[in-house]
Amino acid sequence: MNQTEFSRRRKQLMRMMGSGSIAILPTSQTCRRNGDVDHVFHPDSNFYYLSGFPEAHAIAVLIPERKHGEYILFCEEKDEQKELWEGRRAGQQGAIEQYGADDSFPIDDVDDILPRMLEQAERVFYVMGAHPHLDSKLSQWINRIRSQSRNGKQGPLEIIALDHYLHDLRLYKSRSEIKFMRQAARISCAAHVQAMRLCKPGLYEYQLQAAFTHACSMQGARQQAYPTIAGGGENGCILHYTDNNDVLNEGDLVLMDAGCEVDCYASDITRCWPVNGRFSEPQRQLYELVLQAQLAAIEQVKPGNHWNDPHEAAVKVLTRGLIKLGLLKGTPARLIKSEAYKKFYMHRTGHWLGMDVHDVGDYQIDGAWRVLEAGMVLTVEPGLYIPRPCKGVARKWQGIGIRIEDDVLVTKTGHDVLSSAAPKTVDEIEALMAR
Ligand code: GLY
Ligand code: MN
Ligand code: MN
């Protein structure tokens, strides 16, 4: 992402805030793994959306119409010794020259400098509850200013939920955001293909995961957008399975839900395939039903339709199909009303996708489902999950978990499936695995 885009976003937000306002956005905190080792750092999405700044220990501040510059970045100081041990830092000069800050201060000085900026503001825009360490500091600063009101210091009168403003901006993807999301999806599709090629009975689920991440890294994507789900057989029925420690067995399906991230933009793709390369008859019947449901749901992704239309389409196809296969008994209308399908399909058909895999943005406005508009990106991911044992269900269906998930952009005229390069018909998958 180039600096112009970050600058455009900051300006857009500052226009919404108006003068007399201050916005405060910290990045994520580092998180201790054990001993002297931290978990891999990932910047806070709201912070990164406005700054593009990749380092830990930083706070971005926006003050519309401030004379000495509207965008202030607090970050680590240059320090030769620390950089020798921990890696390079931009420092104050880098914050200004490389990251477009108007002004920059050492993060260690934030307790002195930020309260003075707060004194001048009438409104604070802040995401409450996401960064507890700063929540308490902020209320201390504000209380201190208020206690000095006899000295003529008034301080901010209002604290406004910044999430509401930012999340709506983040929901509509710009051209360059779509470019990154397309790239993330393209890389993940190629990695799914690679995993299908390598798959065989006797391989461990974590080895399939390694094949996926290796393929992503080799194409330039260093991080995954979420922990990979690689579940063979009935492990495919565990919705957020991440143990990935079982062996893949002859005769089972494997469900792989995996997606890399490119410049902090996520992909989220699920494919299922037979471990030995050939679907059994019951596996094929269930798989084709899920695929029909997914295609029907994708058809509903177009401007003017509402958020729930794809889900309703998927539920209709799945319920009818389950009746046909003898897995449900009754009429479609009744079974949909009583939500009988939830025995085998217990999650919803998708979510917003963007910087976060479950991205921000409201799904309803004033109690009504949100209308889809060009520039929104969502996943479409129906599934069927029949664990072993499963009461009242013929044995041949048991131990089969299937989900098919694609990343779909709403366009002016309909939709564009960003992840279409990963094969998903029975014939395509069997042909690929036979090679
Ligand atoms: N990978 C999580 C999901 O599909 O929502
Ligand atoms: Mn997924
Ligand atoms: Mn998903």
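Both backbone and side-chain heavy atoms feed into the values below; hydrogens, waters and symmetry mates do not.
With Asp103 contributing its side chain and Ile72 its backbone, the two residues share no donor-acceptor pair below 3.5 Å. Counting only distance, with no hydrogens or angles, the side chain of Arg32 and the backbone of Gly35 share a donor-acceptor pair below 3.5 Å. Side chain of Asp243 to backbone of Asn245: no donor-acceptor contact under 3.5 angstrom is found. Panel note: side chain Gln398, backbone Lys391; no donor-acceptor pair is recorded below 3.5 Å. Asp135 contributes a side-chain N or O that, together with a main-chain N or O of Gly129, makes up a donor-acceptor pair within less than 3.5 Å. Between the side chain of Gln300 and the backbone N or O of Asn305, no donor-acceptor pair lies under 3.5 Å. Although no hydrogens or angles enter the test, the distance criterion places a donor-acceptor pair under 3.5 Å between the side chain of Arg271 and the main chain of Glu405. At least one donor-acceptor pair closer than 3.5 Å links the side chain of His192 to the backbone N or O of Ala258. Between the Asn244 side chain and the Thr228 main chain, a donor and an acceptor come within less than 3.5 Å of each other. Judged by distance alone, the side chain of Glu70 and the main-chain N or O of Glu65 form a donor-acceptor pair under 3.5 Å.
Atom CE of Met346 has more than 12 heavy atoms from other residues, nucleotides or ligands within 6.0 Å. Atom CZ of Arg89 sits in a crowded spot, with more than 12 heavy atoms from other residues, nucleotides or ligands closer than 6.0 Å. At most 12 non-hydrogen atoms from other residues, nucleotides or ligands lie less than 6.0 angstrom from NZ of Lys316. Other residues, nucleotides and ligands contribute more than 12 heavy atoms inside 6.0 Å of the NE2 atom of His358. By the neighbour-count criterion of 12 heavy atoms within 6.0 Å, atom CZ of Arg222 is sparsely surrounded, having that number or fewer from other residues, nucleotides or ligands.
Within the 4.5 Å cutoff, the side chain of Leu384 has no heavy atoms near those of the Ile400 side chain. Between Leu114 and Leu138 the shortest side-chain heavy-atom distance does not fall below 4.5 Å. In this structure, the side chains of Asp359 and Arg170 come closer than 4.5 Å at one or more pairs of heavy atoms. Two residues are said to be in side-chain contact when any heavy atoms from C-beta on lie closer than 4.5 Å; Leu25 and Asp44 fail this criterion. Counting heavy atoms from C-beta on, the side chains of Gln194 and Leu198 come closer than 4.5 Å. You'll find the side chain of Lys173 stays beyond 4.5 Å of the side chain of Leu409, heavy atoms only. Residues Asp252 and Asn276 are not in side-chain contact: their nearest non-hydrogen atoms beyond the backbone lie 4.5 Å or more apart. Pro303 has its side chain out of reach of Met376: every pair of non-hydrogen atoms, C-beta onward, lies at least 4.5 Å apart.
A donor-acceptor pair shorter than 3.5 Å cannot be found between the side chains of Gln3 and Tyr99. Side chain to side chain, Tyr204 and Asp246 fail the donor-acceptor criterion of an N or O pair below 3.5 Å. A donor-acceptor contact under 3.5 angstrom links the side chains of Asn2 and Thr4, judged on distance only. Remark: the Asp263 side chain and the Tyr48 side chain contain an N/O donor-acceptor pair separated by less than 3.5 Å. Side-chain contact annotation: Tyr241 with Glu205, donor-acceptor N/O pair under 3.5 Å present. Arg66 and Tyr71 are not linked by any side-chain donor-acceptor pair at a separation below 3.5 angstrom, with hydrogens and angles left out of the test. In summary, the side chains of Gln29 and His57 do not present any donor paired with an acceptor at a separation below 3.5 Å, with no hydrogens or angles considered. Donor-acceptor pairing under 3.5 Å is lacking for the side chains of Thr411 and Asp416. Counted by atom type alone, His347 and Glu381 present zero donor-acceptor pairs between their side chains at under 3.5 Å. Checked by atom type, the side-chain pair Thr379/Asp407 shows no donor-acceptor distance below 3.5 Å. Side-chain contact annotation: Glu5 with Ser174, donor-acceptor N/O pair under 3.5 Å present. With no hydrogens or angles considered, no side-chain donor-acceptor pair links His240 and Asp257 at under 3.5 Å.
What you find for Leu248 and Gly232 is that their closest heavy atoms are CD2-CA, 3.7 Å. Between Ser188 and Ser267, the shortest heavy-atom contact is OG-OG, 2.7 Å. Closest heavy-atom contact between Ala266 and Ala225: CB-CB, 3.5 Å.
Salt bridge status for Arg88 with Glu76: absent, with no side-chain N to carboxylate O gap under 4.0 Å. With respect to the salt-bridge test (charged N to carboxylate O, under 4.0 angstrom), the residues Lys302 and Asp309 do not qualify. Using a 4.0 Å cut-off between a side-chain N of Lys or Arg and a carboxylate O of Asp or Glu, Glu288 and Arg284 qualify as a salt bridge.
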Practice item. Kindly determine whether Trp352 and Tyr363 satisfy ring-ring contact (aromatic ring centres under 6.0 Å, His included), including the steps that lead there. Key: CA-CA 9 Å; Trp352 301 129; Tyr363 291 96; 5.3 Å; yes

Exercise for review: Start with the C-alpha distance between Arg320 and Leu289, add both sets of side-chain angles, then the distance that settles side-chain contact (heavy atoms from CB on, under 4.5 Å), and finish with yes or no.
Suggested key: CA-CA 9 Å; Arg320 285 201 190 118; Leu289 176 55; over 6 Å; no

Review point. Would Arg370 and Asp168 satisfy salt bridge (Lys or Arg N to Asp or Glu O under 4.0 Å), going step by step from the backbone distance to the final call?
Key: CA-CA 12 Å; Arg370 187 157 200 153; Asp168 223 57; 3.0 Å; yes

Point to revise | Tyr385 vs Phe344, ring-ring contact (aromatic ring centres under 6.0 Å, His included): CA-CA, chis, key distance, verdict | key: CA-CA 5 Å; Tyr385 311 92; Phe344 306 116; 9.9 Å; no

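Note on ring orientation: taking the six-membered ring where Trp is involved, the planes of Tyr341 and Tyr345 are tilted (angle from 30° to 60°).
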